[in-house]
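Comments concern the structure below.
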Number of protein chains: 2
Amino acid sequence: MIDPADLAHLKEIPFFQRMSDSELRKVSALARARSLEADEFFYLQGDPAEMLFLLKAGRVKLIQNSADGQQILLRMIGPWSLFAVVALVEGAVYPVSAQAVEPSLALYWTKNALMELVREIPGLALNAMQMMSERVQEYQDRLRELATERVERRLARALLRLGSQAGKRVPEGILIDLPLSRQDLAEMTGTTLFTVSRILSQWEAQNIILTGREKVIIRFPHGLVRIAEDLP
Amino acid sequence: MIDPADLAHLKEIPFFQRMSDSELRKVSALARARSLEADEFFYLQGDPAEMLFLLKAGRVKLIQNSADGQQILLRMIGPWSLFAVVALVEGAVYPVSAQAVEPSLALYWTKNALMELVREIPGLALNAMQMMSERVQEYQDRLRELATERVERRLARALLRLGSQAGKRVPEGILIDLPLSRQDLAEMTGTTLFTVSRILSQWEAQNIILTGREKVIIRFPHGLVRIAEDLP
DNA sequence: CCTCATTCTTGCGCTGGCGCAATAAAGCGC
DNA sequence: GCGCTTTATTGCGCCAGCGCAAGAATGAGG
């Protein structure tokens, strides 16, 4: 189900680290593929966590909703990133929803396949643990940032992170290569689209960035770094 | 190193779930103990993560610091809770500091012991993953709360959580049984000690709680629930 | 090319919460 | 019991950021 060219990619992913070729073949034999149009969901928050996904192409938003309809954007997934690692846990439900923001293609493994893999590949559970532990640390950092820093800093950091994950060199600078509305940025940084719009306008006036409809181009990363690090 | 009476406790802990008696004996044979006075640290943020702890008695704060000295209080650990699960991950450093808030006694396993246990007890890595995945979910929830809810709600929720973790029935209501300053509450909810003090004073006037120096007693949990749930 | 929906901008008023400072209360050590 | 340190309270001024509303820009689809 995975074409051989993909195997090389698989080897780069932390989750599949330190696996023999025969183990990797086993992994790829059990994979299935699913493709989604923009705005469709791979899964919804609260669904039983029955599949682990590996994005091959496209972009996916991980969104968390509260009971009263508020939502935040926890993470943007790009190609060759794994998501829904929680599917490895017995009886879990997805804690977030995963929505394609552009046409996307993902490989996935079902719960049954995963249980088989975990049984036969001893290192897999440890690799998964490592991924989760990185996630825990990231969220701890973000909690501290959200609790102690102002919007400008958080927004600067968010743009820098997006730039390094989804940045694409264009003549004017680094384009964040995904449809990214002010509302999205607000939900990533814990503020409102109005505040995001105001701050971006200000940065545009200072020539740090260049904006458009659902588009941000970073002209001078240093400018953002200075704001993110709270330098003079 | 673990006295037999403790074995019963061990069996209740998710991390040691589904283990045979011989496996549990193995676990307890490799445990060591460490006791700390109030305010001492089990470990500091940034130290190589070389031990996994199980608190037997006392209370421990998990604190995260930023480069510029800001800090937040991520979690209060009580007896028979495991902390520093990150020690299971290759090459990790502690992402937080762990400070005893009262005289405390903990069992611990060194990196070597853990590697031996993981090798010999197949389910251990899966159990650890489960713990981490719960942690990830908790932090995702808290990120959303911090991003979208006001201080009052977050504070009410924090008190309710503390009440259920460390609550002790006293004549006047439920005492949160640990030294808990306004500053601590501020660091848990992402606000300032001034705001916490003002809100607690207000709640005290409404007879929802009863406060003292480093002390909170919940008189009418329902009052807090109403605030936490944002009801009329 | 025109329409229409969506996204973005910006002015305005407002307020939740911050931060300081002064004071009070509580507990600890001797 | 008396200082002294630590913790908590509260008044006051202030401002970062919110939220609405009106209008402008953008792009998609016929």
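Below, read A as the first sequence line, B as the second, and so on, with proteins coming before strands; counting in each chain starts at 1.
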A/T191 vs B/K215, nearer the 5' end of DNA chain D by closest nucleotide: B/K215
For atom CG of B/L180 and atom C1' of C/dA26, their distance in whole Å: 16 Å
B/L155 side chain reached by B/T191 side chain, heavy atoms, under 4.5 Å: no
Lys/Arg cation over aromatic A/Y108: A/R32, 6.0 Å, 45° cone: no
Sugar-phosphate only, base, or nothing, as touched by B/R213 at under 4.0 Å among non-hydrogen atoms: base
Side-chain N,O (B/T195) to OP1/OP2 (C/dC18) below 4.0 Å: yes
Nearest-Å distance for atom pair CZ/P, residues B/R198 and D/dC12: 12 Å
Passing option when B/E145 is tested against B/R154, B/R157, B/R153 for salt bridge (charged side-chain N to carboxylate O under 4.0 Å, His left out): B/R157
Interatomic distance where CG belongs to B/L193 and P belongs to D/dT7 [whole Å]: 11 Å
OP1 or OP2 of C/dT6 under 4.0 Å from side-chain N/O of A/S181: no
Distance below 4.0 Å between A/S197 side-chain N/O and C/dT10 OP1 or OP2: no
N-O pairing of A/R182 and A/E214 below 4.0 Å: no
Nearest-nucleotide 5' precedence on DNA chain C, B/I199 against B/F194: B/I199
Protein-nucleotide distance (A/L210, atom CG; C/dC8, atom C1'), rounded to Å: 15 Å
Nucleotide D/dT7, atom P - distance to CD of B/E187 in whole Å: 12 Å
Distance in angstrom units between B/Q70 CD and C/dG19 P, rounded: 8 Å
Parallel, tilted or perpendicular, as decided by the 30° and 60° cut-offs, for the rings of B/F83 and B/F42: perpendicular
Length of the CZ-P vector between A/R154 and D/dG17, whole Å: 7 Å
Distance, rounded to the nearest Å, where A/E152 contributes CD and D/dC15 contributes P: 16 Å
Nucleotide nearest B/T192 when distance is taken to its side chain, options C/dC18, D/dG27, D/dA8: C/dC18
